[in-house]
Amino acid sequence: MCGIVGYTGPRQALPQILEGLRRLEYRGYDSSGVAVLDGAGELHTAKKAGELANLEKYIDSGVVALEGTTGMGHTRWATHGGPTDRNAHPHTDATGRTAVIHNGIIENFPVLRAELERAGVELASDTDTEVVAHLLGAAFATGPTAGDLPASMAATCRRLEGAFTLVATHADVPDMLVAARRNSPLVIGVGEGEMFVASDVAAFITHTREAVELGQDQLVVITPDSYEVTSFLAGSSATTDFRPFHVDWDLAAAEKGGHQFFMDKEIQEQPAAVEDTLRGHFDGTRIVLDEQRLGDDELRTIDKVFVVACGTAFHSGLVAKYAIEHWTRLPVEVELASEFRYRDPVLDRDTLVVAISQSGETADTLEAVRHARRQRARVLAVCNTNGSQIPRESDAVLYTHAGPEVGVASTKCFLAQVTANYLVGLALAQARGTKYPDEVAREFTTLLEMPAAIADTLTRMDPVRELGREIAQSKAVLFLGRHVGFPVALEGALKLKELAYMHAEGFAAGELKHGPIALIEEGLPVVVVTPSPRSMPLLHSKLLSNIREIQARGARTIVIGEEGDDTIAPFADVLIELPRVPSLLQPLVATVPLQVLAAEIARTRGYNIDKPRNLAKSVTVE
Ligand code: M6R
């Protein structure tokens with residue numbers, strides 16, 4: 001998830017691009033860069049690692065001339081290749097006359113890279129994007145598309161697999177940008193004698209509110225006075241299948257995609273976060289991790305797994321325990337990172353420590369990783385931030401591709417972590433042979449169905465928001481669950497505590513009668529996460545008894561259950577239905593209403609849900 005912006009018109013391009021990048025920085029801030037075409041047929045680029053301010057300082061120092069009325073800029077969220085100057089976009093071909101910026105992941109880039117290397121091309125970065133610059137440069141230089149930038153771009157896009165929004169420029173083609181999209185966003189901004197392309201309308205909203213949303217596999221050519229949309233699939237035929245629209249949000253809302261808070265937007269982005277986390281991790285026969293510096297031989301010798309993490313990431317680890325134990329028959333312990341190294345855990349070379357962290361910088365988790373490595377355990381990081389400390393110090397990495405999470409309360413990263421943890425479980429099962437290849441393939445296919453199930457869940461949230469407004473002044477809310485519903489209950493309670501500053505506790509429903517039931521009083525809202533009656537009939541019936549017990553003592557029961565489960569309706573004061581999914585994967589849908597509930601309660605109480613009091617997004621102190 002990166003931010004891209006392009007401009008062509010009568011004004012100097014650089015100020016428009018930098019303004020756009022400032023508004024898109026929420027999409028990534030590992031590095032940034034610009035390319036500008038001058039009036040004399042030359043292309044000039046500038047790029048810097050770190051925040052946009054670094055690039056601005058570099059440009060202000062005057063080392064590079066960036067005058068011209070056509071150009072493009074990029075703010076990066078690193079996926080392939082660390083966050084360095086050389087990996088920053090734009091990337092150019094060997095002539096330095098073709099430049100490309102990219103948002104997404106080119107899945108077949110290893111194949112394309114090898115092909116270029118065999119042809120003697122020297123690559124200057126570790127990115128998947130650079131291969132596009134070389135392919136495009138070559139298509140423009142010779143062959144059937146020579147000298148035709150749109151046709152060269154279409155031909156190049158046909159060779160790419162994965163998700164991409166690309167914008168390209170060529171020094172021989174003044175006043176023109178060519179952009180294309182597949183599975184990543186791209187909008188055109190239609191101004192008076194000027195045109196923009198960007199990953200989000202926020203980039204150009206102060207200049208024009210007339211926008212066009214591109215469809216799948218489309219290519220657009222913009223010049224100052226025109227835009228033309230075609231399909232880049234074979235034939236590159238003209239198409240009308242795109243959507244012009246008028247932006248009626250103000251600037252503040254535009255940065256948040258029309259939502260009041262970033263967290264609202266991030267909740268909506270969850271289907272994409274899960275889809276992107278799964279992308280490229282199954283090669284048709286096997287699960288593949290990102291930077292697997294641990295071979296199958298080493299994974300086969302593992303006899304115990306520890307999961308270490310903090311807060312929401314810890315809850316994702318609790319879900320992982322159920323999946324990894326079920327699929328691999330390995331014992332799994334889940335430990336708060338802050339406790340792990342102070343109690344002398346039993347670790348050796350055959351222990352796998354899975355360290356989960358959105359930021360990759362959490363001090364407690366980082367210290368747990370260092371402790372584990374000192375004890376010779378193997379460490380696998382599950383992380384959302386490419387190039388951060390925890391993956392750097394680990395033996396292997398699996399990145400969650402949720403994109404930047406701005407809201408302090410973690411939402412889309414939790415779902416992405418849960419997804420990545422399932423992949424870890426399947427990778428272990430495959431290496432250890434506890435699942436046959438066809439079983440692993442089947443589980444992966446089921447995972448691929450989850451983004452649609454999450455999207456379906458998101459369409460059912462109006463009654464949850466209504467409930468949030470209704471119970472916003474309650475003294476406390478309790479959350480109950482069993483099996484994978486237990487970590488979901490803990491996560492629901494954490495969201496409510498941190499966003500609404502309300503007393504909230506999550507319990508394993510079976511524990512209730514051992515003490516917490518004393519908390520139940522007339523009208524107390526209790527949220528119960530219920531398993532599927534089809535696949536977990538025994539647990540379901542136990543949970544039904546738990547619901548009856550609390551209802552009899554006056555609790556207001558808010559039951560999260562599977563659609564079509566008629567048995568729970570009589571015991572639910574409020575029933576929130578989820579789509580049917582396999583029991584082990586239920587956290588991916590069951591967590592969504594709890595996030596929405598917490599956000600709505602906090603909103604009703606008048607709090608800034610993006611910045612809860614006393615909290616920080618990355619906790620870099622122990
Ligand atoms: O960056 P990390 O995933 O390591 O952060 C861990 C916790 O600090 C984080 O999940 C925290 O609990 C969130 N605020 C929860 O919403």
Side-chain angles (χ1 to χ4, degrees), residues 2-18 20-21 24 32-47 55 59 64-76 88-103 124-125 127 129-141 145-157 160 164-181 186 188-189 194-199 203-204 214 219-230 232:
C2 304
I4 62 178
V5 57
Y7 173 83
T8 181
R11 295 183 283 167
Q12 283 297 309
L14 185 65
Q16 322 312 320
I17 295 166
L18 290 176
L21 289 182
L24 296 180
S32 51
V34 293
V36 176
L37 276 180
D38 68 14
E42 293 300 326
L43 181 68
H44 304 275
T45 62
K47 42 198 215 172
L55 177 71
I59 292 172
V64 51
L66 291 164
E67 301 226 332
T69 55
T70 296
M72 60 195 195
H74 186 268
T75 177
R76 180 168 185 244
H89 301 209
H91 289 283
T92 51
D93 68 346
T95 67
R97 298 183 65 74
T98 314
V100 169
I101 54 177
H102 167 219
N103 168 28
S125 76
T127 64
T129 308
E130 192 190 344
V131 300
V132 182
H134 291 286
L135 293 173
L136 179 61
F140 186 80
T145 58
D148 183 338
L149 190 59
S152 302
M153 181 73 148
T156 303
C157 288
L160 308 179
F164 49 86
T165 295
L166 293 161
V167 184
T169 183
H170 195 287
D172 292 356
V173 189
D175 301 330
M176 180 193 282
L177 292 175
V178 180
R181 79 161 284 255
L186 181 65
I188 309 165
E194 59 184 3
M195 293 284 164
F196 299 80
V197 280
S199 29
F204 52 71
L214 249 64
L219 182 140
V220 62
V221 178
I222 62 164
T223 65
D225 301 310
S226 68
Y227 71 86
E228 191 186 354
V229 183
T230 55
F232 65 68

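We're numbering straight along the sequence, starting at 1.
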Under 3.5 Å, is there a donor-acceptor pair between the side chain of [X] and the main chain of [Y]?
| X | Y | result |
| --- | --- | --- |
| T69 | P10 | no |
| Q12 | G68 | yes |
| K47 | S32 | no |
| T169 | A99 | no |
| E130 | S125 | yes |
| T145 | A139 | yes |

Any idea which heavy atoms bring [X] and [Y] closest together, and the distance?
| X | Y | answer |
| --- | --- | --- |
| C2 | N103 | N-OD1, 2.9 Å |
| P224 | D175 | CD-O, 3.6 Å |
| A13 | G71 | CB-N, 3.8 Å |
| P150 | D148 | CD-OD1, 3.1 Å |
| L21 | G73 | CD2-C, 3.6 Å |
| A179 | V167 | CB-CG2, 4.0 Å |

How long is the gap from [atom1] on [X] to [atom2] on [Y], to the nearest 0.5 Å?
| X | Y | atom1 | atom2 | answer |
| --- | --- | --- | --- | --- |
| L24 | S199 | CG | OG | 5.0 Å |
| L166 | R181 | CG | CZ | 12.0 Å |
| I188 | L177 | CD1 | CG | 11.5 Å |
| T92 | H170 | OG1 | NE2 | 11.0 Å |
| L14 | H44 | CG | NE2 | 12.0 Å |

Within a strict 4.5 Å, meaning less than it, do heavy atoms of the [X] and [Y] side chains meet?
| X | Y | result |
| --- | --- | --- |
| V34 | I59 | yes |
| R97 | E42 | yes |
| I101 | T129 | no |
| I17 | L66 | no |
| V220 | L214 | yes |
| L149 | F140 | yes |
| Y7 | E194 | yes |
| M153 | V178 | yes |

Donor on one side chain, acceptor on other, [X] and [Y], under 3.5 Å:
| X | Y | value |
| --- | --- | --- |
| D93 | T98 | yes |
| D225 | T223 | no |
| T8 | T70 | yes |

Next on the checklist: Parallel, tilted or perpendicular: which one describes the rings of H89 and H102, with boundaries at 30° and 60°?
Outcome noted: parallel
